[in-house]
Amino acid sequence: MPMIPLPRPQSDAAAAITRGVRRMLAERGVRGLVEFSLANGRRADILALADDGEVTIVEVKSSIIDFKTDQKWPEYLDYCDRFFFAVDADFPVDLIPAECGLIIADAFGAEIIRPAPLAKLAAARRKTLTLKVAHIAMARLHRVEDPGLRVGE
């Protein structure tokens with residue numbers, strides 16, 4: 001029985017930025033999942049939870065073309081307390097909207113250049129989202145621990 005692969009960013013450049021962002025978040029006690037499907041049908045590059053339940057979404061942009069052709073980011077705002085774009089050091093950061101947080105990252109780490117404003121989620125949406133995060137994370141872990149079992153998301 002073939003193993004269902006874990007979600008992964010679509011390019012090596014995006015994977016490097018994603019890895020660095022997740023490392024930085026983990027150092028701050030914030031844990032993230034990649035390629036997380038939201039209730040509106042969009043998929044967040046990184047959805048992360050802090051110990052206090054704060055939800056952060058990070059949209060990874062690995063090129064100018066990626067940024068210009070994918071303008072769905074406003075649709076993520078209803079599903080997080082904070083929203084960031086993450087790019088590499090060569091990205092022209094003046095393209096990133098001023099109302100969004102900004103992270104510069106490479107495969108080894110990341111730095112928050114501009115903090116994201118806080119817009120608190122409604123309690124009911126937070127609970128629903130947190131339960132889904134737990135369920136998806138457990139399913140992914142189960143696939144790693146028992147690759148012969150077909151556990152979907």
Side-chain angles (χ1 to χ4, degrees), residues 4-141 152-153:
I4 301 169
L6 292 173
R8 183 183 186 288
Q10 294 188 5
S11 71
D12 289 342
I17 294 167
T18 299
R19 179 179 181 222
V21 169
R22 289 182 73 203
R23 283 181 166 197
M24 180 267 299
L25 291 172
E27 289 169 359
R28 295 167 182 238
V30 180
R31 305 295 187 244
L33 290 172
V34 299
E35 301 297 319
F36 186 87
S37 294
L38 301 169
N40 65 358
R42 297 291 178 215
R43 187 167 46 222
D45 292 330
I46 302 170
L47 186 135
L49 285 178
D51 288 342
D52 65 359
E54 185 174 287
V55 178
T56 298
I57 290 180
V58 181
E59 177 71 358
V60 173
K61 293 299 173 200
S62 57
S63 70
I64 296 170
I65 292 170
D66 179 24
F67 177 78
K68 288 185 175 180
T69 59
D70 180 7
Q71 291 295 311
K72 299 181 299 265
W73 67 268
E75 296 177 47
Y76 298 117
L77 300 178
D78 289 338
Y79 295 89
C80 61
D81 297 301
R82 296 186 191 274
F83 178 83
F84 289 90
F85 279 101
V87 298
D88 68 20
D90 295 327
F91 191 92
V93 297
D94 56 314
L95 292 178
I96 303 298
E99 65 271 21
C100 300
L102 175 61
I103 299 170
I104 303 291
D106 61 22
F108 304 101
E111 183 177 340
I112 294 174
I113 303 302
R114 182 172 60 226
L118 179 64
K120 286 288 194 184
L121 281 173
R125 176 159 288 171
R126 181 180 313 284
K127 179 181 178 183
T128 299
L129 190 58
T130 302
L131 288 172
K132 183 175 180 185
V133 166
H135 188 247
I136 297 298
M138 287 185 277
R140 290 181 185 179
L141 179 59
E153 293 184 5

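Residues: numbered from 1 along the sequence shown. We use all heavy atoms of the structure for the numbers below, so side chains are in, but hydrogens, waters and symmetry mates are not.
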Side chain of [X], backbone of [Y]: donor and acceptor closer than 3.5 Å?
{"X": "Asp12", "Y": "Ala15", "result": "no"}
{"X": "Asp106", "Y": "Gly109", "result": "yes"}
{"X": "Arg82", "Y": "Ala116", "result": "yes"}
{"X": "Lys132", "Y": "Ser37", "result": "yes"}
{"X": "Arg114", "Y": "Cys100", "result": "yes"}

What pair of heavy atoms forms the shortest contact from [X] to [Y], and how long is it?
{"X": "Gly32", "Y": "Ile46", "value": "CA-CG2, 4.3 Å"}
{"X": "Asp81", "Y": "Leu121", "value": "OD1-N, 2.8 Å"}
{"X": "Ile17", "Y": "Ser62", "value": "CD1-CA, 4.0 Å"}
{"X": "Pro92", "Y": "Ile64", "value": "CG-CD1, 3.6 Å"}
{"X": "Val58", "Y": "Asp45", "value": "O-CB, 3.4 Å"}
{"X": "Glu35", "Y": "Arg140", "value": "O-NH2, 3.2 Å"}

Ala134: partners by side-chain contact (heavy atoms from CB on, under 4.5 Å), with sequence neighbours left out: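 With neighbours one apart ignored, the set is Met138.
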Quick one: [atom1] on [X] to [atom2] on [Y], what's the gap to the nearest 0.5 Å?
{"X": "Met24", "Y": "Arg28", "atom1": "CE", "atom2": "CZ", "answer": "5.0 Å"}
{"X": "Asp51", "Y": "Arg31", "atom1": "CG", "atom2": "CZ", "answer": "7.5 Å"}
{"X": "Lys72", "Y": "Arg42", "atom1": "NZ", "atom2": "CZ", "answer": "5.0 Å"}
{"X": "Ser63", "Y": "Asp90", "atom1": "OG", "atom2": "CG", "answer": "12.0 Å"}

Just wondering, do [Y] and [X] contact through their side chains at under 4.5 Å, heavy atoms?
{"X": "Asp66", "Y": "Val60", "answer": "no"}
{"X": "Leu47", "Y": "Leu38", "answer": "yes"}
{"X": "Cys80", "Y": "Val55", "answer": "yes"}
{"X": "Leu102", "Y": "Ile112", "answer": "no"}
{"X": "Phe67", "Y": "Ile96", "answer": "yes"}

Just checking Lys120: does its NZ atom have more than 12 heavy atoms from other residues, nucleotides or ligands closer to it than 6.0 angstrom?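 Yes, the 6.0 Å shell around NZ holds more than 12 heavy atoms from other groups.
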Is it the case that atom CD1 in Ile65 sees more than 12 heavy atoms from other parts of the structure closer than 6.0 Å?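 It does not: Ile65 CD1 has 12 such atoms or fewer within range.
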So is Arg125 actually on top of Tyr79's ring, under 6.0 Å and inside 45° of the axis?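 Output yes; distance and angle both within limits.
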Residues which pass ring pair (Phe, Tyr, Trp, His ring centres under 6.0 Å) with Phe83, listed by chain and number, not counting sequence neighbours: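 With neighbours one apart ignored, the set is Trp73, Phe85.
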How far apart are the C-alpha atoms of Leu95 and Lys61, what are their side-chain angles, what is the distance that settles it, and do they pass the side chain to side chain contact (heavy atoms under 4.5 Å, CB included) test? CA-CA 11 Å; Leu95 292 178; Lys61 293 299 173 200; over 6 Å; no
Between Val30 and Glu54, does the side chain to side chain contact (heavy atoms under 4.5 Å, CB included) criterion hold? Intermediate values first, please. CA-CA 9 Å; Val30 180; Glu54 185 174 287; over 6 Å; no
